[in-house]
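Everything on this sheet refers to the single structure shown next.
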Amino acid sequence: MTATDRASRLEALQERTRYESAEVESRVFERWDQSGIFAPGDEGDEYSIAIPPPNVTGALHMGHALNGTIQDTLIRMHRMQGRRVKWIFGTDHAGIATQVQVEKLLASEGSSKQEIGREAFNERVWEWRREYGSTIVEQFKRLGASADYGDERFTMDDAYAKAVAHVFVALHEKGLIYRDNYMVNWDPGTRSAISDLEVEQRVMEDHLYEIDYPLASGGGSMTIATVRPETMLGDTAIAVNPHDERYTRLIGEEAILPLVGRRLKIIADDYVDPEFGTGALKITPGHDPNDFEIGRKHGLEELTVIGEDGRMTEAAGEPWAGMTADEARTAVVSQLRDEGLISAERPYTHDVPHSHRSGMRIEPLISLQWFCNMGELAGPAIEVVQDGRVRFHPERPWKKVYLDWLENIRPWCVSRQLWWGHQLPVWYCDPCEQTIVAEVAPESCPKCDGELRRDPDVLDTWFSSALWPFATLGWPEQTEALEAFYPTNVLSTARDIIFLWVARMVMMGMEFTGQVPFADVNIHSVIQAPDGRRMSKSLGTGIDPLEQIDAHGADALRFGLLAMSSSQDVRFSEEKIKQGQDLANKLWNASRLILLRVEDVDAAPMPETVEDRWILSRMERTTARVTELIASYDFSHAVLELYSAFWGELCDSYLEMVKPRLYSEDADRSALSATLLHVLERILTLMHPVMPFATEEIWSFLPPRDGEPRGLLATEPWPEPDSSRIDQAAEALVDGAIEAITAVRAQRDDLGVPVGARIPARLDAGGLDAVAPLIADMARLEFTDEGGEAAARVAVPGGVIELMAAEGVDAASAQERLEARRRELEAEITRAEGKLANKKFVERAPDEVVQAERDKLADYQRQLDQLD
RNA sequence: GGGCGGUUAGCUCAGCUGGUCAGAGCGCCUCGCUUACACCGAGGAUGUCGGGGGUUCGAGUCCCUCACCGCCCACCA
């Protein structure tokens, strides 16, 4: 860029009185992209974050936007700190979610996956992905996320699939993955088994029926209570508590299952609660998890009377076979009623498991599935969190939540009856009952050389997600990227997937790489809808981040989200986004003021005045504070710190103090220019990780450095706090001056003095002499030594400022404020005196606290004296 | 059934190990289109920190209890 180019750009800047985010963002993003900042550089200690991969089917929601902002803020700061940064980016194949999308598409074409077959279906999914899979990627770009887009991953990539198969086979060889006929959560909606973590409890209104089961001996009956009468068709026993005196004599006897006639053994088990219902429990090992356990314990027969299609099976017998479970319930109840076997029925409210995926009621049933025994894997994952190799932020309560879950971990059902996903690397030879588990498809049966049949099931999506931090880097190959960027530094996510994903990544990471997958886990807040409900598409409570970007700008959204979020769940507030927008605009205009008034200098700051030293000192403190806050994942405070440092200190105070010098045409403004440019550079740098677009755009207007046009702010070095610029004396002086200015302005306002009018005043506050010109200027006073009647007295740090009678000064109304101040001081004095008169306080409180109270009292006393 | 979190200005939220911690932004009121910005500036009002009890010289800040609200975990039919 030539000097004349710059001149004309500055000229154009004169006209741009507003920050136009839409216009700036696309242009700035293009510059970042072109210059290759998204890819890791060649130097520096590595710093990496693996993004929680969004679903390919996904659209950017507020959670993505918040987490994307958090990660990008970390990534950008560390990039500026000279680290060799990689933000591992990609998408998840999201088994069920994606399959459902494509099924819908097929349905709209009047087709179905059954009609076209598995192979063609999968081809359609890939096609779908080619067409729509980049949507969410582009949306992350609009956020300003500086991820390594050039090295994007997908959990169904060939290399990734190899890693998945490798892990499956290895765990199988170790005996941790096995096939079993076991009770699973069957989701009739997706027609697949799902894991415990994908089940959610919903409160349901049901009926609790009491049903009489006649005793085989003919002597009376036993009454059991159930909410699912239709499952009685699969009953194989009745259980009572061994200590329940009502039933002890019946243990070992038999009852007759009504409607069916099967003989049911009456067994004893501690599980049964004598207090509940009738104290007798029908046992249906095929359709209830508890009954299943009891059944296995007692060697009971397991009958499957409800099939995977949700209909009654042949085993249920006539006339129920073929009915849906609901129909069967109605039929069973009606027949029982006819036979007079229902002795009671009452409404019953209880929790019922539902599929998180389809929303359908879970049908517990026994199914042949693949499981992963997690106990052994959990050990190291517990250890690394206990010894601090993996740290949660905030630690409380997530560390405990994580540990509690791992310490009570249960087997994981990893097979899914879907078509889209990682198909199990398992083959069967039916004739010789061989099962082959191998990374590479075997040609034929090793025993009989016969044809093999591949297991049609795919793996739970979370199985492949669990490998994300290392499989994305090429594992199991020992790639350069793996060597450089694994383990990653931080994992950032909301709490809802701590078990589903975070814990499993730690387990798999430890098992297969021997290292933790990440050192820090940042658990951020969940953004709720403004009314406090969950933000969800189905509820219609979602707020589209892209619409927020359109309306307020990406920087505004980023600022707002960070300001909103803490460790607590928070309601979305568009006002916070608006605050971010105002901040971007203010930043833009403050920068214009500086850039358009300053001389083109290229020098270190040269403080000339106390306020110069003050702002330089304050900037160092802000630098240290912001750096520390971001590094400790305290984003809301980091962002508020930036806000108040920039708006409060730089704009409201410093820039106003400096204006007379800045606008004086005759004076040499080079020293001031150097200071102003330094301060501007510093604030832009500190704000860049949070508001990358506006800061980058402004940066491009800065004068050349070392004769060269500026490069990108995104790669500018992050400032090291410079303690030599800390100036406590200057800070005390200027802080005092600001306090005095505020007090005088308030008084003027009360007096009705016109804003622009300069009025005569006397300064009688020893400590403020050095900043008298500053106060005079900012508070529009003309200090004199002349006597005369004071129209008003204003208490200021260390003394008083007397406003002299002058035109527009209404002495009478001044009295009011003075009185108010006097009352305030008197109240404080009374309070302090009372405290100090309390012997116990003086005796027991720490000396410094007592002394501080004495100092306060003295100070108030002096102020009060000076008002008289 | 366990466990966790919340209840602070009209709204959304900060307040670490108890002693200027009663705050911020928005909103509201008054004044100002002053040569960066009206997406602005100057000034102002507003809270017995959910209720009750306790510990302490001193408590939004610790303990107990009650009341709502929310979340997580859990195999009581």
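Every chain is numbered from 1, with letters handed out A, B, ... down the list of sequences. All heavy atoms count here, side chains included; hydrogens, waters and symmetry mates do not.
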Rounded to the nearest angstrom, tell me the gap between atom [atom1] in [X] and atom [atom2] in [N].
{"X": "A:K578", "N": "B:A24", "atom1": "NZ", "atom2": "P", "answer": "20 Å"}
{"X": "A:F559", "N": "B:C26", "atom1": "CZ", "atom2": "P", "answer": "10 Å"}
{"X": "A:I523", "N": "B:C4", "atom1": "CD1", "atom2": "C1'", "answer": "15 Å"}
{"X": "A:L197", "N": "B:A74", "atom1": "CG", "atom2": "C1'", "answer": "13 Å"}

For [X], report the nucleic acid contact type (base, sugar-phosphate, nothing); a contact means any heavy atom under 4.0 Å.
{"X": "A:K576", "answer": "base"}
{"X": "A:T742", "answer": "sugar-phosphate"}
{"X": "A:F499", "answer": "sugar-phosphate"}
{"X": "A:L281", "answer": "base"}
{"X": "A:R16", "answer": "nothing"}
{"X": "A:Y19", "answer": "nothing"}
{"X": "A:R18", "answer": "base"}
{"X": "A:D351", "answer": "base"}

- Message: Please convert RNA chain B into dot-bracket. A pair counts if it is Watson-Crick or G-U wobble with both distances under 3.5 Å; crossing pairs go in [ ] and bases paired with another strand get |.
- Response: (((((((..((((.....[...)))).(((((.......))))).....(((((..]....))))))))))))....
- Out of A:D288, A:D212, A:D235, which residue meets the salt bridge (Lys or Arg N to Asp or Glu O under 4.0 Å) rule with A:K282?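 Single pass found, and it is A:D235.
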- Message: I'd like the C1' distance from B:C31 over to B:G52, given in whole Å.
- Response: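 Each nucleotide's C1' atom is 46 Å from the other's.
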- Chi-based syn or anti call at B:G60, which uses purine or pyrimidine torsion atoms and a 90° bound: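 Syn conformation here, the glycosidic angle of B:G60 being no more than 90° from 0.
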